[in-house]
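Just so it is clear: chains get the letters A, B, ... in the order the sequence lines come, proteins before strands, and each one is counted from 1.
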Amino acid sequence: MTDVRVRIAPSPTGDPHVGTGYVALFNYAYARRHGGKFLLRIEDTDQQRSSRESEEAIMRSLRWLGLDWDEGPDVGGPHGPYRQSERAQIYREHAKMLVDKGAAYRCFCTPERLAELRTHQRENKLAYGYDGHCRGLEASGEADKRAAAGEAHVVRLLMPDEGETVLDDQLRGEVRLPNSEVDDQVLLKSDGLPTYHLANVVDDHLMKISHVIRAEEWISSAPKHLRLYEAFGWQAPRFVHLPLLRNADKNRSKISKRKNPVSLEYYRDIGILPHAMVNFLALLGWSFGDDIEKFTLEQMVERFDLVKGSVNLTGPVFDLEKLAWLNGKYLQELDDEQLADAFVAWRVNRDFLVKLAPLFRERIRKLDELMPQATYFFCGDIDYTQIEAPLLPKNRTPKETRELLGKLVDKLDTLRSFEVEPLEELFREFCEESGWKTRDVFMLTRLIVTGRKASPPLFDTIKLVGRDRVRRRFRLAIEHLKTVKAPS
RNA sequence: GGCCCCAUAGUCUAGCGGUUAGGACGUCGGCCUCUCACGCCGAAAUCCGGGGUUCAAGUCCCCGUGGGGUCACCA
C-alpha cells in the first residue's frame with residue numbers, strides 16, 4: 001500500500017464546526033493507525049467569506065481537540081503553501097493545462113444570463129445546470145479573441161454528456177453516477193481564483209494525498225473530481241465518504257446552527273472537555289467494540305480503520321445529553337486539583353473576572369453580590385419556565401414574537417464582529433425595520449440572554465455571553481414560546 | 001422534481017444466516033443516603049413494509065416506503 005496521507009481541508013468562513021472536528025478526527029485516526037501523515041489545508045478561495053480570524057479559530061479548535069497535523073499553514077511542510085489563496089498561480093496554470101488539452105473551456109456567460117437560464121429551467125421544470133453555451137468558443141478561436149479583449153470569463157470543466165462515472169468508495173463500494181446529472185462546473189472563477197473542485201483535486205495530487213476522507217455531501221460532485229484526475233492524467237486517491245451529523249429535529253436534517261450548536265467553541269465554553277468531545281465524536285458512527293464507550297484517542301487509533309462495515313453510514317444525531325453524560329464521566333475521574341484547574345481554565349479565572357468587573361462595579365455593594373447576579377455568564381442553557389418575567393411583550397402574541405425573534409437571530413448571524421457598537425447598531429436597525437419598540441425588543445433580549453429583568457448594559461452582556469450561547473438561548477426561547485398561550 | 005446515499009428501541013450502537021437481538025444515553029421504578037448527585041439493581045422500549053433466496057433472514061437480493069444529501073463564479 002502507498003503511504004497514507006490524508007487531510008482536513010476546512011473553509012475558514014465561520015466558526016470552527018463540529019463537523020470539521022468529526023471529519024478531522026476520522027482523518028487523524030486513519031493516518032495515525034496506518035503510520036501516515038495528517039495535513040491541514042486551508043480552503044480560503046472564497047474571498048468574500050473567508051477570514052483570517054476564522055482560520056485561526058479553526059486551528060485553535062482542532063488543537064484543542066488534540067488533533068495535531070504534520071503539515072499545515074502554520075507548521076509548514078514539503079508541499080506548501082497550505083493555504084489555497086497563496087496557490088492561485090498553481091491553479092491558473094492547471095486550468096490552462098486543461099483548456100489546452102480540450103478538457104475545459106473559457107465561458108463568457110454573464111451572471112445575468114445564468115440567472116435567466118436557471119429561472120427558465122425552473123419554470124419549465126427542465127433539468128438544472130449550465131447549458132454549454134460557450135462550449136464551442138475554444139475551437140473557433142473566439143475564446144482567445146474575447147479573452148484578449150479583456151472580457152470577463154470563467155473556466156469550465158467539459159463534462160461528458162453521456163455515460164456514467166463510477167466512484168469506488170472505500171466504505172460504500174461502487175457508486176454509479178450518471179454524467180448527464182453533472183454540468184460543466186466552473187473551475188476558475190472570474191476573480192482568477194479556483195473553486196473547490198479544481199483546487200481540491202490539484203492540491204490533493206500535489207500534496208500526494210492517498211485517501212480523501214470527507215463528508216457525504218460530496219458524493220454527488222465526485223464525478224467532477226474523478227473527471228479532473230482523468231483529464232490531468234493523474235491517479236485518483238481513494239475516497240471515503242463519511243455520514244453527515246444530524247440535528248435532533250423531526251427530519252434529522254444535516255446539523256445546522258439554527259437547530260443545534262455547531263461551534264466547537266460553544267462546547268468549550270459550556271465546559272466540555274476536549275477528550276470527552278473527541279470520545280463522543282468517535283462514538284458517532286464508529287464503535288470501539290467490547291461494549292466499551294469511554295476510550296482515549298490513542299486507544300481509538302489502535303483499533304480504527306476504514307473498511308466496509310467499520311463505520312456506520314447512517315447520519316448520527318448529535319445528542320447533547322449523551323455528550324454531557326460522557327463529559328461527566330471524564331470530570332469524575334479528575335482529582336480535586338485537576339478539577340480545580342479545569343474550572344480555572346474554563347471561566348473561573350482572572351481574565352474572565354476582569355471582563356466582568358466593569359459590568360458589576362456599580363451594581364454590587366458587597367463582593368458577595370457578584371455571583372448571584374452574574375450566574376448567566378457562567379451557565380449554559382436557561383430554563384425559560386423559571387425566569388423573572390414572561391417572554392411576551394404587552395399586546396404581542398407568542399406567534400408574532402417567535403417570528404420576530406427568528407428574524408433577530410438570523411440578523412445576528414450576519415454580524416461579523418460581536419462587539420458592543422455593531423451589536424447596538426444592529427439591534428436599533430432591527431427595531432426600525434420590524435417596527436417594534438426598542439424597549440420591547442431590548443427587554444425580550446435581556447430576558448432571553450440573562451433570564452433576568454435587570455442586567456448590566458445589554459450589549460456588553462451579549463458580547464460577553466458570546467455568540468454561540470446567545471444564539472442557543474434565542475433558539476431555546478423560541479421553542480419555549482411555542483408552549484406559551486396568548487393571554488386572553 | 002432528477003440523481004445519489006442511508007434504514008436495529010426516542011438517541012448512539014453491537015450483530016457480519018441459527019442469539020431469550022447485547023451495551024450505552026434518555027425515561028420509569030427501587031436500593032444507597034441528611035438532601036441532591038454519583039453508584040448499584042430492575043423495567044418498559046427496536047430489527048420500516050412487502051416479496052424473494054434458504055432447512056433457517058435483523059443479517060443476502062429485489063421492489064416499495066421513509067429520511068437525508070446534492071443540483072452556485074460556497075465549500
| query | Which whole number of Å gives the distance between the P atom of B/G64 and that of B/G26? | reply | 41 Å
| task | Could you check how far CZ of A/Arg118 sits from P of B/G2, rounded to whole Å? | result | 21 Å
| Near-strand residues of residues 190-198 of chain A, defined as heavy-atom separation under 4.0 angstrom from RNA chain B | A/Ser190, A/Pro194, A/Thr195, A/Tyr196
| Can you tell me how far C1' in B/G39 sits from the matching atom in B/U33, rounded to whole Å? | 11 Å
| Is there a donor-acceptor contact under 3.5 Å linking the side chains of A/Tyr91 and A/Asp203? | yes
| Should B/U11 form a Watson-Crick or G-U wobble pair with both distances under 3.5 Å, which nucleotide is its partner? | B/A24
| request: Mind calculating the distance between CG (A/Asn251) and C1' (B/A7) to the nearest angstrom? | output: 16 Å
| task | Considering only atom P, compute the distance from B/A9 to B/C48 and round it to an integer number of Å. | result | 6 Å
| query | So does A/Lys254 get a side-chain nitrogen or oxygen closer than 4.0 Å to the phosphate oxygens (OP1/OP2) of B/C6? | reply | no
| query | What string of B, S and - do you get for nucleotides 11-27 of chain B, 5' to 3', when a contact is any protein heavy atom under 4.0 Å? | reply | SBSS-------BBBSS-
| field | Sugar-phosphate only, base, or nothing, as touched by A/Gln332 at under 4.0 Å among non-hydrogen atoms | value | sugar-phosphate
| query | Among A/Thr20, A/Leu25, A/Ile42, A/Leu39, whose side-chain contact (heavy atoms from CB on, under 4.5 Å) with A/Ile8 holds? | reply | A/Thr20
| query | Any side-chain N or O of A/Lys250 under 4.0 Å from OP1/OP2 of B/G67? | reply | no
| query | Nearest to the side chain of A/Pro178, which nucleotide is it out of B/C6, B/C3, B/C5? | reply | B/C3
| Six-ring centre of A/Tyr330, A/Lys294 cation under 6.0 angstrom, axis tolerance 45° | yes
| said: Among residues at least two apart in sequence or on other chains, which ones pass side chain to side chain contact (heavy atoms under 4.5 Å, CB included) with A/Arg146? | reply: A/Phe108, A/Leu137, A/Glu142, A/Glu151
| said: Partner lookup for B/C47, please. Criteria are Watson-Crick or G-U wobble with both distances under 3.5 angstrom; report none if nothing qualifies. | reply: none
| message | Closer than 3.5 angstrom, by distance alone: can the side chain of A/Glu174 be matched with the main-chain N or O of A/Leu167 as a donor-acceptor pair? | response | no
| Whole-Å distance between B/A7 P and A/Arg246 CZ? | 11 Å
| field | Partner nucleotide, any strand, of B/U19 [Watson-Crick/G-U, under 3.5 Å] | value | none
| Spacing of the P atoms in B/C61 and B/G23 (rounded, Å) | 28 Å
| said: Using the rule given for salt bridge (charged side-chain N to carboxylate O under 4.0 Å, His left out), can you reason through A/Glu71 versus A/Lys37, listing the C-alpha separation, both sets of side-chain angles and the distance that settles it, and then say yes or no? | reply: CA-CA 8 Å; A/Glu71 299 172 28; A/Lys37 299 286 187 203; over 6 Å; no
| query | Between the side chains of A/His211 and A/Gln170, is a donor N or O closer than 3.5 angstrom to an acceptor N or O? | reply | yes
| task | For B/G17 versus B/G52, give the span between their C1' atoms, rounded off to a whole number of Å. | result | 15 Å
| message | Short of 4.0 Å, heavy atom to strand atom, which residues of residues 216-227 of chain A count as contacting RNA chain B? | response | A/Glu216, A/Glu217, A/Trp218, A/Ile219, A/Ser220
| message | Is there a side chain to side chain donor-acceptor pair (under 3.5 Å) between A/Ser253 and A/Asn251? Walk through the geometry before answering. | response | CA-CA 5 Å; A/Ser253 48; A/Asn251 295 329; 5.9 Å; no
| query | Whole Å only: how far is the CG atom of A/Leu242 from the C1' atom of B/G68? | reply | 15 Å
| message | Nearest 0.5 angstrom please: A/Phe239 CZ to A/Asp204 CG, how far? | response | 7.5 Å
| request: Would you mind pulling out the nucleotide paired to B/A56, Watson-Crick or G-U wobble, both distances under 3.5 Å? | output: none
| request: Under the side chain to side chain donor-acceptor pair (under 3.5 Å) rule, what do A/Asp269 and A/Trp346 come out as? Steps first, then yes or no, please. | output: CA-CA 7 Å; A/Asp269 285 353; A/Trp346 169 63; over 6 Å; no
| query | Is there a donor-acceptor contact under 3.5 Å from the side chain of A/Ser310 to the main chain of A/Val307? | reply | yes
| field | Electrostatic pair A/Asp68-A/Arg32, nearest N-O below 4.0 angstrom | value | no
| note | What residues 129-158 of chain A contributes to the RNA chain B interface at heavy-atom separation below 4.0 Å is A/Val154, A/Arg156
| Distance-only side-chain donor-acceptor flag, A/Thr375 / A/Arg452, under 3.5 Å | yes
| task | Between B/A14 and B/U19, how far apart are the C1' atoms? Round to whole Å, please. | result | 12 Å
| message | Can you tell me the base-pairing partner of B/C31? Count Watson-Crick or G-U wobble geometry only, both distances below 3.5 Å, and say none if there is no partner. | response | B/G39
| task | Whole angstrom is fine here: how far is it from CG in A/Asp169 over to C1' in B/G69? | result | 14 Å
| field | Inter-nucleotide P distance (B/A43, B/A24), Å rounded | value | 12 Å
| remark: Testing B/G67, B/C73, B/U70 for proximity to the side chain of A/Val186, the answer is B/C73
| request: Go through A/Phe232 and A/His205 one step at a time and tell me if the ring pair (Phe, Tyr, Trp, His ring centres under 6.0 Å) criterion holds. | output: CA-CA 10 Å; A/Phe232 281 120; A/His205 176 257; 7.9 Å; no
| Quick one: A/Asp249 CG to B/G10 P, roughly how many Å, whole number? | 16 Å
| field | Base partner of B/C71, which must satisfy Watson-Crick or wobble distances under 3.5 Å | value | B/G1
| said: Quick check for you: among B/G2, B/G69, B/C5, whose closest atom lies nearest to any side-chain atom of A/Glu181? | reply: B/G2
| task | Would you please name every residue forming a ring-ring contact (aromatic ring centres under 6.0 Å, His included) with A/Trp286, sequence neighbours left out? | result | A/Phe295, A/Phe304
| query | Between atom CD in A/Gln185 and atom P in B/A72, what is the gap in whole Å? | reply | 8 Å
| said: Classify A/Thr45 by what it touches in the nucleic acid, base, sugar-phosphate, or nothing, heavy-atom distance under 4.0 Å. | reply: sugar-phosphate
| Nearest-nucleotide pick for A/Arg172, side chain only, options being B/G2, B/C74, B/C6 | B/C6
| field | Under 3.5 Å donor-acceptor, A/Asn247 side chain and A/Ser256 backbone | value | yes
| query | Strictly by modelled atom types, are A/Asp184 and A/Tyr105 linked by a side-chain donor-acceptor pair under 3.5 Å? | reply | yes
| task | Round to a whole Å and report the spacing from CG of A/Leu331 to P of B/G39. | result | 13 Å
| Between B/U27 and B/G66, how far is it from one C1' atom to the other, in whole Å? | 26 Å
